[in-house]
Amino acid sequence: METLDASKAVFDELNAWRGAWEHKNIKAYFSHYVEGFSGEAKNAKAWRDERTVKIQSAKNIQVTFSDAQINFMADDAAELKFKQHYRSGHYKDIGQKTLQFKKVDNRWLIAQEVFK
């Protein structure tokens, strides 16, 4: 039963992250990442600045997911793989996203993000 609750918590976090992204709520969007997250940028500030510009300049962001698979590596670590469909204005892409979640203060936060 524990894993079912944990899976629901991770998917709830994923959907809240998507909602913040689609609504361009930058503060809420960043709240879904571990402190100090920097993605592929040189540091966390550079990543946040980059994402802020990209999200704010996008038109009508729509993000959907399919084929999601979750794997728990530990009580406080999960990996979620899914196909991400992104559309903004005339731009769209589809790719495989992998999010590594870490449980911090009873919340599942994104610790690593890879999109191919």
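Numbering of residues begins at 1 and proceeds along the displayed sequence. Every heavy atom of this structure was used, including side-chain atoms; hydrogens, water molecules and symmetry mates were not.
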Practice task
For K97 and E113, work out which heavy atoms get closest and say how close.
Solution key: NZ-OE2, 2.7 Å
Exercise for the section: Calculate, to the nearest 0.5 Å, the distance between atoms CD1 and NZ belonging to I110 and K102 respectively. Expected result: 14.5 Å
Practice task
Without swapping roles, check the side chain of T98 against the backbone of V114 for a donor-acceptor pair under 3.5 Å.
Solution key: no
Problem - Atom pair CG/CD of L99 and Q112 - distance to nearest 0.5 Å - result: 9.5 Å
Problem - Any donor-acceptor pair under 3.5 Å from E22 side chain to V63 backbone - result: yes
Problem - Contact check, side chains of H85 and I94, non-hydrogen atoms, under 4.5 Å - result: yes
Handout entry: Over 12 non-hydrogen atoms of neighbours within 6.0 angstrom of CZ in R18
Key = yes
Practice task
Determine, using the 4.5 Å side-chain heavy-atom cutoff (strictly less than), whether V10 and M73 are members of one ILVMFWY cluster.
Solution key: no
Problem - Over-ring placement of R48 relative to F30, 6.0 Å and 45° cut-offs - result: yes
Practice task
Measure across S57 and V53 and return the closest heavy-atom pair with its distance rounded to 0.1 Å.
Solution key: OG-O, 2.9 Å
Handout entry: F72 and S7, any side-chain heavy atoms less than 4.5 Å apart
Key = yes
Fill in the blank from the handout: Correct closest heavy-atom pair for K103 and D75 would be CD-O, 4.1 Å
Exercise for the section: Give me the ring orientation class for W47 and Y29: parallel if the planes are under 30° apart, tilted from 30 to 60°, perpendicular past 60°. Expected result: parallel
Exercise for the section: Write down the atom of L109, the atom of S31, and the distance for their closest heavy-atom approach. Expected result: CD2-O, 3.4 Å
Fill in the blank from the handout: Interatomic distance, NZ@K81 vs NZ@K116, rounded to 0.5 Å, equals 7.5 Å
Problem - Shortest non-hydrogen contact between A9 and W108, atoms and distance - result: CB-CD1, 3.6 Å
Handout entry: hydrophobic_cluster_shared for Y91 and I55, side chain cutoff 4.5 Å
Key = yes
Practice task
Find out whether Q69 and L80 are in side-chain contact, i.e. whether some heavy atom of one side chain is under 4.5 Å from a heavy atom of the other.
Solution key: no
Exercise for the section: Any chance you could measure K54, atom NZ, to D49, atom CG, to the nearest 0.5 Å? Expected result: 14.0 Å
Exercise for the section: Decide yes or no for D5 and K8: does some side-chain heavy atom of the first lie under 4.5 Å from some side-chain heavy atom of the second? Expected result: no
Fill in the blank from the handout: Separation between CZ (R87) and CD (Q62), nearest 0.5 Å, reads 6.5 Å
Problem - Single-linkage hydrophobic cluster, 4.5 Å side-chain cutoff, F101 and V104 together - result: yes
Problem - V34 versus A111, closest heavy-atom pair with distance - result: CG2-CA, 3.8 Å
Practice task
To the nearest 0.5 Å, tell me how far N60 CG sits from K24 NZ.
Solution key: 7.0 Å
Exercise for the section: Please find out if less than 6.0 Å separates the ring center of W21 from that of Y86. Expected result: yes
